[in-house]
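Proteins come first, then strands; the chains are lettered A, B, ... in the order of their sequence lines, and each starts at number 1.
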Amino acid sequence: MFNCAALQATHEVCEEEAMSAVFMFDGDDDDAPLGCQESNTVDGDKSKLKRPHVAEVDHLMSDDADSDDGKPIGLRKKAASERGGSASYEDSEDNKTLAARFLRVTRGGTSSVSIPSSKDKPVLPNNSNAIKRPCDSNNQPTSQSALKKAKCSDGTSSASASAKREPRAKDNGNDNIPLAQTRQTTGESSKRKDPLAKNIEKKSPSSSRDNIKGKAKKNSQLSKTTEACQGRKKWSTLVHNGVLSPPPYKPHGVQMLYNGQPVTLTPEQEEVATMFAVMKDTEYASKETFTNNFFNDWRNILGTKHVVKKFQHCDFTPIYEWHLQEKEKKKQMTTEEKKALREERVKQDDKFMWAFVDGVKEKVGNFRVEPPGLFRGRGEHPKMGRLKRRIRPSDITINIGEGAPVPVCPIHGESWKEVKHDNTVTWLAFWNDPINQKECKYVFLAASSSLKGQSDKEKYEKARKLKDHIHNIRVNYTKDFRSKDQAKKQIAVATYLIDKLALRAGNEKDDDEADTVGCCTLKVENVTCLPPNRLQFDFLGKDSIRYLNTVEVKLPVYQAIKEFCAGKHKGEAVFGKLDTNKLNAHLKDLMPGLTAKVFRTYNASITLDTILNKETEDATLLEKITVYQRANKEVAIICNHQRAVSKSHDSQITKLNEKIDELKALRDGLEVDLEKAKKGKPLGYDEDGKRKRNLTPEVLVNKISSVESRIQKMEIDMKTKEELKTVALGTSKINYLDPRITVAWCKTHEVPIEKIFSKTILAKFGWAMDVDPDFRF
DNA sequence: TGAGAAACTTAGCACCAGGATT
DNA sequence: AATCCTGGTGCTAAGTTTCTCA
C-alpha cells in the first residue's frame, strides 16, 4: 500500500475570490459546463462546496462555440494537430520508450503495486478450458475468444492495440468504427429486426430462461452465433458457488426495559430490538419517521398481546450498553486474535468470491447476502427504519451455466427460489428487496472482471463519440430554444442544462421514496429566475444531496424557463411536457446510443483531459500529482460529488493552526538568533533557562529555511484539507473519468500510476493500462 | 405510448487496517 | 504502547437505461 497522505493536493486557492466571483457567461462563449462557472455554495445539510477560482477554469470558459466549434470543450483553442496521431504535446521519447518507461516505473522500483494483468489472475489448475482472459493480448484466439476479443478492441493507436485488433479485422472488417458504434450497428438496431433474434429476446428473468431453453437451445449453434453477434450473449459458461448467507442470529439475552421493568423477548423479537438499540447514537434514532417505522414493524413481530405497547415506554439502553461492551471486547482483541479471525473469514469467503466465466476465474462483487437490519434510507426517506427482513435461500434466484453444478443450498431442507441459465445477463443471483418488493438486489461480478471492464470501456467510448456530435447537438438545441413547439423547446432547454450543468436525467419517483429531483423532474420552486439572465438552482438530487448553483445562462434559456414556470404553483414540474424517455429518445436521434448520463461522463472526462494537458509542467512528482488532484476536484465540483465533513475536521484544523503558530514562533526565535550570530554575540538562553549552543549564521539560515518550508507545507495542507472537506474525489475517479486519460498522462509525465489509482481501482481499470501515451479523450 | 419490470451504474457512508504521531 | 488520522474498501441505497407488455 502506498502512502497517499503525502500526496495531499497542494494547489493554490483563492478562497475569497472563489466565493464571491460571479462568472460571466454569455451565450456565445459557453462551452464549459456551468457547474464550474459560477461562484457556488452547495451547502446542503452537511456542507459548503466552493466553486473553483476563476483562474482554475477560465480556460474552459474562454472557448467560443461559434468561432472554434467541432472540438470538444476546453480543446477548441488547441491546434488541430494536437489531436490525433502526431500530438504536439507528446513526450520527445518515442512511444515504445514511454511504454517501457511506464512499465519500469509501475512494475519495478519499490512499489508493491503492479498493473493488474490477466496473467496475474488466479486460475483453476484443473480447468482445461482457455483460462486467459479473452482480452489478453497473449491469448491465442479460439473461435470464442476471438469473438470476445473483437468486442474488447478499442480505437487506440498503440502498437499493442493494433496488434490486438488484427483478429478483429478478420472477424468483421469493421476496424475503424468506434466500439460503441460497432455495438450499435451489430447490436441494438439489428436485434429488433432479426426474426431469429426475436426467439431469444427475453421477456423476464424467467421467460428468458424458457426462451433460451426452448427455442434457442433447439436452434443451438446458429442461434448462439446470432446472439453473440448481437452482443446479447454475455457468457458461454458460468460456474460459481452461489451466495454467502449471513450467520443465524445469536441471542444475547440482555433484557431491555419497558416502563422500567425488564422485558423478556424471543430471539426473533430481540434481534429487531437490538437492531434499533445499536443505532442509539446515530441521527436516525432521533427521527420520527425512523422510530415510527421501526416500532410498527417490531410490533408486528411482538404481536398484539405483548406487554410492549408504546415506543415512549421502551428503554433500549441495556442492549445498547451490551453492544458497546461487545465493541470494546472486539477492540481489545490481540493482533493475533484479530488476524486469526480475519483468516477464518477469508477462508470462508474464498468459496464464494470467485466465478468462472468462460473458463476464466473472475472475482464476484457482492457475494454476501445482505443481512437483516433496519432500512437506512438517505434524506427524508418515508421508509427509513422499516425492518429489512432476513433473506432466505427460497428468496434467491441463481443464474448459472447450463450443466454447471448448482450451488448447494445453505439451509438443509430448503431450496433456491429458482435456478436459471440466462446467458444474456451478467448477474449470478438476485432476490427481491424486502423494503421495496418490486426492486431487485443483484449479485454481479466485481468491477475488476472483464465483463464489467468491457462495459466500462464501452461507456467511455460512447462518451468520446459524443465529442464528434457535441457541436451539432449544441447548434440543434440552441435553435430550438425559440421553438413554438413547447415540447421541442423543453427538450432543448433540458438538454442545455444537462450539458452545461451536468444535471442527471431525473426520472419520476414514487411517493414512497425520498423527494429528490433531476433535470426532467425539476419543480418550479427549484429554479429562481434572477434578472436579467441568471438562474438559481436549489434542489435535492440523488442521495438527497443538495444542488445549489447560480448561473448565467443564454437569454433565450432564461426566458424559456421563466415561461415554463409562469402561472405554475409550488410542486409543479418546470418541464411539464417532458420525461426521461422522451428526452433520451430525442438524444438517440442526435447520436446513436446517446442518453442523458453520457453528458456527465463526457464533460467529466474532457475536463480532466484538458486540465491535465494544459497545466502539467515539467515539475516535481508532488507538483504533478497536485495538478491531477486539482483537475479531479474540478470534475467532482462539476458533478456535485459531495461528502460529509468528518467529525474531527474542526479539531484537526485547530491542531494544524496551533502547530503552524509553534513553528512560526520557532522561526521568529531563530531569526533573532541569526541577527545575534551575525554580530558575533552569544545567543542567550532558551525557555528552560539553559544556555543556547552557539551556531554559525549559515547553520541558522538553513534551520530557518527548513522551518519555513515546513510552515508552507502545513499551510498548503490545511488549505487543501479545508477546500476538500466537502468534495468527494473518489466518485468521479471511479465512475466518470476515462482511466486512459490518467494512464496516458502518467506515462507521459512519469508519474507512477499507483500514486493516482489505488490497488482496487487499478484492478478495475486493467483494460486501460496498455493505452498509448498519446491518448487523448 | 406509457407503465412497470429488469438490469445495470452511480453514490455516500461506515468501518477498519495500518502508518504517523505522541 | 496508545492514540490519532487517513485512505481504502465493502456495503447497499439510489439512480439511469433498457426491455417488455398491454
Under 4.0 Å, counting only non-hydrogen atoms across every strand here, what does Arg504(A) touch: a base, just sugar-phosphate, or nothing?
sugar-phosphate

May I have the distance from Phe757(A) (atom CZ) to dT9(C) (atom C1'), rounded to whole angstrom?
17 Å

Which of these nucleotides, dT9(C), dC8(B), dT16(C), is closest to any side-chain atom of Ala505(A)?
dT16(C)

I want to verify a distance call: between dT10(B), dA7(B), dC13(B), whose nearest atom is closest to the Lys597(A) side chain?
dT10(B)

Phe537(A) vs Tyr547(A) aromatic rings, parallel, tilted or perpendicular, using cut-offs 30° and 60°?
perpendicular

Tell me the interatomic distance from Asp433(A), atom CG, to dA14(C), atom C1', rounded to whole angstroms.
11 Å

Please work out if Lys339(A) contacts a base, only the sugar-phosphate, or nothing of the nucleic acid, heavy-atom cut-off 4.0 Å.
nothing

Residue pairs fulfilling salt bridge (charged side-chain N to carboxylate O under 4.0 Å, His left out) with at least one residue in residues 649-662 of chain A, sequence neighbours excluded
none

Mind checking if Gly506(A) touches a base, just sugar-phosphate, or nothing, with heavy atoms under 4.0 Å?
sugar-phosphate

Counting just side-chain N and O atoms, does Asn584(A) come under 4.0 Å of either OP1 or OP2 of dT17(C)?
yes

Without decimals, in angstroms, what is the distance between Asp510(A) CG and dA14(C) C1'?
13 Å

For a quick check of understanding: with a heavy-atom distance under 4.0 Å over all strands, which category does Gly541(A) fall into, base, sugar-phosphate or nothing?
sugar-phosphate

Heavy-atom side-chain contact between Lys633(A) and Leu729(A) under 4.5 Å:
yes

Starting at CG of Asn640(A) and ending at C1' of dG15(C), how long is that distance when rounded to a whole Å?
14 Å

Quick one: is Lys764(A) getting a side-chain N or O under 4.0 Å of the dT9(B) phosphate, OP1 or OP2?
no

In this structure, how many angstroms lie between the P atom of dA6(B) and the CD atom of Glu418(A), rounded?
11 Å

Assess, by modelled atom type and distance only, whether the side chains of Arg376(A) and Tyr284(A) contain a donor and an acceptor separated by less than 3.5 Å.
no

Proximity to the side chain of Thr595(A) - top-ranked nucleotide from dA7(B), dT17(C), dT12(C)
dT17(C)

Residue pair Phe375(A)/Gln652(A) against DNA chain C: nearer the 5' end by closest nucleotide is Gln652(A)

Closest to the 5' end of DNA chain C, once Ser651(A) and Asn581(A) are matched to their nearest nucleotides, is Ser651(A)

Given atom OH of Tyr547(A) and atom P of dG15(C), what is their separation to the nearest angstrom?
16 Å

Contact class for Lys330(A) vs. all strands (heavy atom < 4.0 Å): base, sugar-phosphate, or nothing?
sugar-phosphate

Asn399(A) CG - dA6(B) P separation (whole Å)
14 Å

Could you tell me whether Asp456(A) contacts a base, only the sugar-phosphate backbone, or nothing, with contacts defined as non-hydrogen atoms closer than 4.0 Å?
nothing

OP1, OP2 of dT6(C) versus side-chain N and O of Lys721(A): anything below 4.0 Å?
yes

OP1 or OP2 of dT16(C) under 4.0 Å from side-chain N/O of Asn507(A):
yes

Of all the choices, dA17(B), dT9(B), dC8(B), which nucleotide is nearest to the side chain of Arg342(A) once you look at every atom?
dA17(B)

Under 4.0 Å from OP1 or OP2 of dA13(C): is there any side-chain N or O of Lys441(A) that close?
yes

Tell me the interatomic distance from Glu754(A), atom CD, to dG8(C), atom P, rounded to whole angstroms.
12 Å

Name every donor-acceptor pair, under 3.5 Å, that has one atom in a side chain of residues 503-514 of chain A and the other anywhere in the protein, sequence neighbours excluded.
{"residue": "Asn507(A)", "atom": "OD1", "partner": "Thr580(A)", "partner atom": "OG1", "Å": "2.5"}
{"residue": "Lys509(A)", "atom": "NZ", "partner": "Ala514(A)", "partner atom": "O", "Å": "2.9"}
{"residue": "Lys509(A)", "atom": "NZ", "partner": "Thr516(A)", "partner atom": "OG1", "Å": "2.9"}
{"residue": "Asp510(A)", "atom": "OD2", "partner": "Lys438(A)", "partner atom": "NZ", "Å": "2.8"}
{"residue": "Asp512(A)", "atom": "OD2", "partner": "Lys383(A)", "partner atom": "NZ", "Å": "3.4"}
{"residue": "Glu513(A)", "atom": "OE1", "partner": "Asp510(A)", "partner atom": "N", "Å": "2.8"}

Which one, dG15(C), dG8(C), dT17(C), comes nearest to the side chain of Thr760(A)?
dG8(C)

So what does Ala514(A) touch, heavy atoms closer than 4.0 Å: a base, only the sugar-phosphate, or nothing?
nothing

So Phe276(A) and Phe294(A), would you call those rings parallel, tilted or perpendicular, with 30° and 60° as cut-offs?
parallel

State whether Tyr442(A) places a side-chain N or O below 4.0 Å from either non-bridging phosphate oxygen (OP1 or OP2) of dC8(B).
no

Has Ser758(A) got a side-chain N or O lying under 4.0 Å from the OP1 or OP2 atom of dT9(C)?
yes

Any side-chain N or O of Lys452(A) under 4.0 Å from OP1/OP2 of dT9(B)?
yes

5'-most by nearest nucleotide on DNA chain B - Thr601(A) or Asp579(A):
Asp579(A)

For a quick test of reading the model: is some side-chain N or O of Arg378(A) closer than 4.0 Å to OP1 or OP2 of dT10(B)?
no

Side-chain N or O of Ser646(A) versus OP1/OP2 of dT6(C): is the shortest distance under 4.0 Å?
no

Just to be sure I understand the rule, does Ser455(A) reach a base, reach only the sugar-phosphate, or reach nothing, if contact means heavy atoms closer than 4.0 Å?
sugar-phosphate

Under-4.0 Å side-chain N/O to phosphate OP1/OP2 contact, Lys655(A) with dC4(C):
no

Using a cut-off of less than 4.0 Å, is there contact between a side-chain N or O of Ser544(A) and OP1 or OP2 of dA14(C)?
no

Touch check for Lys383(A), heavy atoms < 4.0 angstrom, all strands: base, sugar-phosphate only, or nothing?
nothing

Of the nucleotides dG2(B), dT10(B), dG15(C), which one has an atom closest to the side chain of Lys582(A)?
dG2(B)

Angle between ring planes, Trp427(A) versus Phe430(A), binned at 30° and 60°: parallel, tilted or perpendicular?
perpendicular

If you go through the side-chain atoms of Lys542(A), does one of them form a donor-acceptor pair with the base of dT10(B) closer than 3.5 Å?
yes

With under 30° as parallel and over 60° as perpendicular, where do the rings of Phe367(A) and Phe352(A) fit, or are they tilted in between?
parallel

Minimum-distance nucleotide (side-chain atoms of His381(A) versus dT10(B), dC13(B), dA14(C)):
dA14(C)

Under-4.0 Å side-chain N/O to phosphate OP1/OP2 contact, Lys338(A) with dC16(B):
no

Check every strand shown and say whether Phe444(A) touches a base, only sugar-phosphate, or nothing at a heavy-atom separation below 4.0 Å.
base

Assess whether atom CD of Glu283(A) is packed by more than 12 heavy atoms of other residues, nucleotides or ligands within 6.0 Å.
no

Specify the residue among Thr426(A) and Arg376(A) whose closest nucleotide of DNA chain B lies further upstream toward the 5′ end.
Thr426(A)

Lys438(A) side chain: which of dC8(B), dT12(C), dA5(B) is closest?
dA5(B)

Contact class for Lys327(A) (heavy atom, under 4.0 Å): base, sugar-phosphate, or nothing?
nothing

